[in-house]
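Since the model is a prediction, treat every value here as computed from it, not as a measurement. Below, each value reflects all heavy atoms present in this structure, side chains not excepted, and no hydrogens, waters or symmetry copies.
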Amino acid sequence: MFDKKAKAPKPTREEKKDRRIPLSKFTEGGRTSCLIALCNLAFLALIITTTIIEDGKSGIFVGLMMIFTFFSAIFGFIVGITSFDESNKFLKFSYIGSGANGAIWVGILLLYLTYV
């Protein structure tokens, strides 16, 4: 009577599809936010290199690039924060993009407040 164990029926392909976790893609806003953060880091590297080469007398070009980087970091942060609303997607890039753009924005703000 108890010598045979009852086996559960093997699930079909359709049942396996229904049980699959729907997290299959990363958020679009998170990817965009990370891309903006990479561009901002490249701009900051270009700004720092130009300032070092010109011995601090780079002129208005560097200032305009810094203002552009400042506002694009704000935009990237907003895009990263709004990407948390996308459902059933991985949020890794949303965290990375929001954090990086926020750090760049705060860094530029601190540079401005320190030297003005």
Side-chain angles (χ1 to χ4, degrees):
M1 181 172 158
F2 293 106
D3 53 343
K4 288 189 175 184
K5 292 183 180 179
K7 291 185 179 181
K10 191 172 183 179
T12 63
R13 182 175 282 185
E14 289 80 25
E15 290 173 348
K16 285 183 180 179
K17 274 187 178 180
D18 291 339
R19 289 190 302 177
R20 189 184 320 167
I21 297 173
L23 296 173
S24 61
K25 294 183 179 181
F26 292 101
T27 58
E28 288 296 321
R31 288 183 193 171
T32 305
S33 181
C34 281
L35 185 63
I36 291 171
L38 286 175
C39 291
N40 287 338
L41 287 174
F43 274 124
L44 281 177
L46 182 65
I47 290 167
I48 291 169
T49 305
T50 305
T51 305
I52 289 172
I53 290 173
E54 298 291 326
D55 292 328
K57 301 173 187 165
S58 342
I60 197 165
F61 176 70
V62 171
L64 290 174
M65 281 181 58
M66 188 65 88
I67 290 172
F68 173 75
T69 305
F70 180 77
F71 286 118
S72 66
I74 293 172
F75 177 71
F77 181 74
I78 291 170
V79 169
I81 291 296
T82 57
S83 70
F84 286 107
D85 292 338
E86 296 180 34
S87 62
N88 294 334
K89 295 193 178 185
F90 290 113
L91 298 173
K92 179 172 73 171
F93 288 124
S94 298
Y95 286 116
I96 293 170
S98 299
N101 282 309
I104 291 169
W105 179 73
V106 169
I108 292 173
L109 188 65
L110 288 176
L111 279 172
Y112 176 73
L113 294 174
T114 302
Y115 290 108
V116 170

Checklist entry - Which pair of non-hydrogen atoms, one from S98 and one from F84, has the smallest distance, and what is that distance? => result OG-CE1, 3.9 Å

Pairs of donor and acceptor atoms involving the side chains of residues 31-47, under 3.5 Å and at least two apart or interchain, shall be tabulated with distances.
residue	atom	partner	partner atom	Å
T32	OG1	E28	O	2.9
S33	OG	G76	O	3.0
S33	OG	G97	O	3.3
S33	OG	N101	ND2	3.2
N40	OD1	S72	OG	2.5
N40	ND2	I36	O	3.3
N40	ND2	N101	OD1	3.1

Checklist entry - Are L109 and F71 joined in one hydrophobic group, where the rule is that I, L, V, M, F, W and Y side chains link up if heavy atoms are under 4.5 Å apart? => result yes

Next on the checklist: Membership question, hydrophobic clusters at under 4.5 Å side-chain separation (ILVMFWY): are Y112 and I104 in the same one?
Outcome noted: yes

Next on the checklist: Under a 3.5 Å distance rule, please check whether T82 uses its side chain to pair with a backbone N or O of V79 as donor and acceptor.
Outcome noted: yes

Next on the checklist: Do M66 and I74 sit in one hydrophobic cluster, given that two such residues count as connected whenever their side-chain heavy atoms are within less than 4.5 Å of each other, even indirectly?
Outcome noted: yes

Checklist outcome for this item: Contacts of S94 meeting side-chain hydrogen bond (donor to acceptor under 3.5 Å, both in side chains) (sequence neighbours excluded), chain-then-number -> T27, S83

Checklist entry - What distance separates L110 CG from Y115 OH, expressed to the nearest 0.5 Å? => result 11.5 Å

Checklist entry - Hey, what else clusters with L64 if you join Ile, Leu, Val, Met, Phe, Trp, Tyr whenever side-chain heavy atoms sit under 4.5 Å? => result I60

Checklist entry - Are I48 and M65 connected in the hydrophobic side-chain network, where two residues link if heavy atoms are under 4.5 Å apart? => result no

Item to check | Crowding at CZ, F75 (>12 non-hydrogen neighbours, <6.0 Å) | outcome: no

